[in-house]
Amino acid sequence: MATQVDSAAASEGDAFREEVRQFLAENFPAELKGKNNALASVEGPTEESDAQRQWREAMGARGWGTPTWPKEYGGGGLTKPQARILDQEMAKIGAFNPIGGMGVMMFGPTLLEYGSEEQKKEHIPPICRGEIRWCQGYSEPNAGSDLANLQTMAEDKGEHYLVNGQKTWTSGGQWADKCFCLVRTDRSDKHKGISFLLIDMDMPGVEVRPITMISGASPFCETFFTDVKVPKENLVGEEGNGWTIGKRLLQHERTNLSGGGSMARLMGASIADVAKHYVGTDADGRIDDPVLRDRIADFEIRWNSFLLTARRAVEESKAQGGVSEISSVLKKLGTKLGQERAEMAIEIMGLQGLGWEGEGFTDKELAGVRGWLFGKATTIYGGSTEIQNNIIAKRVLGMLDHQ
């Protein structure tokens with residue numbers, strides 16, 4: 001039997017749902033329905049249209065691009081149930097969240113936890129409004145899996161740090177305004193000598209060189225720092241605490257990547273709908289290939305079981321104070337399933353899944369093949385599958401190294 005508390009919560013939920021519907025009706029441009037840029041994650045951002053700008057500004061002004069972040073810093077201040085209602089209502093009309101990127105996915109949540117009040121007030125609002133792009137300065141040529149081996153040095157010069165070194169696989173570095181970066185401030189200790197520093201990408205001495213991938217795009221870059229002067233106030237947390245902050249940020253990254261990566265969303269429609277379009281249907285409206293039907297049913301069961309498990313695990317982690325090592329389990333499974341989904345979509349599309357450019361192929365088909373190729377990176381970036389296995393063994397299962 002429903003209690004008065006349940007009834008009140010349901011009433012509040014209904015009122016908020018109506019508020020969301022009214023907002024969407026007034027602010028979401030009809031021409032953007034279902035047109036979230038599918039290629040953005042693999043080819044980089046495109047020029048923003050007037051409609052896209054208006055939609056981004058409307059969501060940013062409301063704080064709903066970052067719905068559960070604190071209102072005092074420009075977020076929506078919504079509860080988790082309210083955020084779900086927002087997602088549901090946007091999905092119903094083909095709307096999408098125009099505010100994202102590394103600032104939302106990784107840096108923002110980390111800064112909310114470790115940043116000073118001044119840093120939060122300076123950096124969080126522009127992220128909430130979608131006005132700034134961040135990139136990640138972690139990996140180096142000799143510090144990938146062994147990230148703590150990083151050698152980019154930030155030398156204390158009194159009022160500023162002088163940064164010299166190189167980063168690689170800097171996703172979106174050529175488009176970014178700022179970089180959250182792990183640097184070495186002390187050579188005497190491998191882990192305790194690392195600090196977390198914020199660097200403007202237009203500072204003198206910063207050079208970015210894009211790396212072309214098999215997808216034909218260049219979202220990854222090499223980044224070089226030569227005598228870059230970084231103000232002391234750009235240090236997040238205490239000097240030498242960067243390894244702790246950096247690991248926390250990786251947990252946020254892996255949790256967000258666990259949904260399967262961009263390649264799992266590129267086609268837009270479900271894998272069953274893709275099959276119906278390319279393979280056809282029988283008299284009963286089913287996919288006209290019984291073997292393929294079984295394969296898709298098997299995949300959808302595993303995929304939806306994963307999504308439900310991921311949602312539960314994420315909510316449990318947040319209830320306990322934030323993300324945890326379970327993010328490694330989610331990242332490992334989600335990216336693998338995402339790659340499997342992309343492989344199946346390409347197979348189903350047949351010859352239409354071989355398009356690279358030119359006439360005869362739709363934007364979604366081209367996004368599918370490029371996303372499939374880009375998706376090969378997802379089990380490597382954010383910590384490779386092998387690294388996740390080590391973390392799971394040590395941190396989740398409590399297994400010890402072999403002696």
Side-chain angles (χ1 to χ4, degrees), residues 35-46 96 100-102 105 133 135-136 138-139 144-145 168-176 208-223 253-254 256-275 277-279 292 295-296 299 302-303 306 330-388:
K35 292 185 178 180
N36 191 13
N37 184 6
L39 287 171
S41 60
V42 296
E43 292 191 344
T46 57
F96 56 89
M102 294 188 183
M105 185 170 73
R133 291 193 180 100
C135 65
Q136 179 181 25
Y138 271 36
S139 296
S145 298
T168 193
W169 311 122
T170 314
S171 302
Q174 70 270 54
W175 306 303
V208 179
R209 302 177 190 170
I211 302 171
T212 301
M213 300 171 58
I214 58 172
S215 65
S218 299
F220 295 156
C221 302
E222 296 177 291
T223 304
E253 178 183 22
R254 290 161 185 166
N256 282 282
L257 291 176
S258 66
S262 58
M263 70 286 185
R265 301 186 296 272
L266 285 171
M267 291 299 293
S270 71
I271 194 70
D273 288 338
V274 173
H277 177 76
Y278 288 96
V279 177
L292 180 59
R295 289 177 58 198
I296 291 176
F299 174 80
R302 289 183 290 117
W303 177 248
F306 164 76
L330 302 180
K331 199 270 183 179
K332 174 187 174 181
L333 293 177
T335 52
K336 191 65 177 177
L337 284 168
Q339 289 180 342
E340 182 182 341
R341 194 261 189 208
E343 293 278 356
M344 191 181 300
I346 293 296
E347 177 186 343
I348 290 170
M349 290 161 64
L351 292 176
Q352 293 304 115
L354 301 179
W356 190 250
E357 61 184 4
E359 297 180 359
F361 302 97
T362 67
D363 289 343
K364 285 188 177 181
E365 288 167 348
L366 296 178
V369 68
R370 291 175 184 263
W372 161 64
L373 290 171
F374 176 83
K376 302 303 180 184
T378 62
T379 46
I380 301 173
Y381 68 51
S384 69
T385 295
E386 292 76 12
I387 293 298
Q388 304 312 319

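- Taking the six-membered ring where the residue is Trp, Phe220 and Phe374 present tilted rings, their angle falling between 30° and 60°.
- Remark: side-chain polar atoms of Thr170 are not paired, donor with acceptor, to backbone N or O of Gly173 under 3.5 angstrom.
- For the pair Arg341 and Trp372, the NZ or CZ position fails the cation-pi test of under 6.0 Å to the six-membered ring centre and within 45 degrees of the ring normal.
- Rounded to the nearest 0.5 angstrom, Thr335 OG1 and Lys376 NZ are separated by 12.0 Å.
- With rounding to the nearest 0.5 Å, the separation of OG in Ser139 from CD1 in Ile380 is 11.0 Å.
- When side chains are defined from C-beta on, Arg302 counts as touching Glu340, because their heavy atoms get closer than 4.5 Å.
- Under a 3.5 Å cut-off, the side chain of Gln352 and the backbone N or O of Gly360 do form a donor-acceptor pair.
- One distance of note links NZ of Lys336 with NZ of Lys331; it measures 11.5 Å at 0.5 Å rounding.
- Heavy atoms only, all atoms of each residue included: Cys221 and Pro210 are closest at SG-CA, 3.8 Å.
- Inter-residue side-chain proximity for Leu330 and Phe306 is flagged as met; some heavy-atom pair is nearer than 4.5 Å.
- Salt-bridge formation is not detected for the pair Glu386/Lys332: no Lys NZ or Arg NE/NH1/NH2 atom is positioned less than 4.0 Å from an Asp or Glu carboxylate oxygen.
- The side-chain heavy atoms of Val279 and Leu292, taken from C-beta on, include a pair separated by under 4.5 Å.
- Atom CD1 in Ile211 sits 8.5 Å away from atom OG in Ser218 (nearest 0.5 Å).
- Side-chain contact between Thr223 and Thr168: absent, with no pair of heavy atoms (C-beta onward) separated by less than 4.5 Å.
- The minimum heavy-atom distance between Gln174 and Pro219, with the atom names listed, is OE1-O, 4.0 Å.
- For the residue pair Thr379 and Gln339, a side-chain donor N or O sits within less than 3.5 Å of a side-chain acceptor on the partner.
- Residues Val369 and Leu354 are not in side-chain contact: their nearest non-hydrogen atoms beyond the backbone lie 4.5 Å or more apart.
- Here CD1 of Ile271 is found 7.0 Å from CZ of Phe299. Values are rounded to the nearest 0.5 Å.
- Inter-residue side-chain proximity for Arg370 and Trp356 is flagged as met; some heavy-atom pair is nearer than 4.5 Å.
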request  = Verify side chain to side chain donor-acceptor pair (under 3.5 Å) between Glu347 and Tyr278, making sure each step is shown before the conclusion.
outcome  = CA-CA 10 Å; Glu347 177 186 343; Tyr278 288 96; over 6 Å; no
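- The CE atom of Met344 lies 6.5 Å from the CD1 atom of Ile296; values are rounded to the nearest 0.5 Å.
- Using a 4.5 Å cut-off on side-chain heavy atoms (C-beta onward), Ser171 and Met102 make contact.
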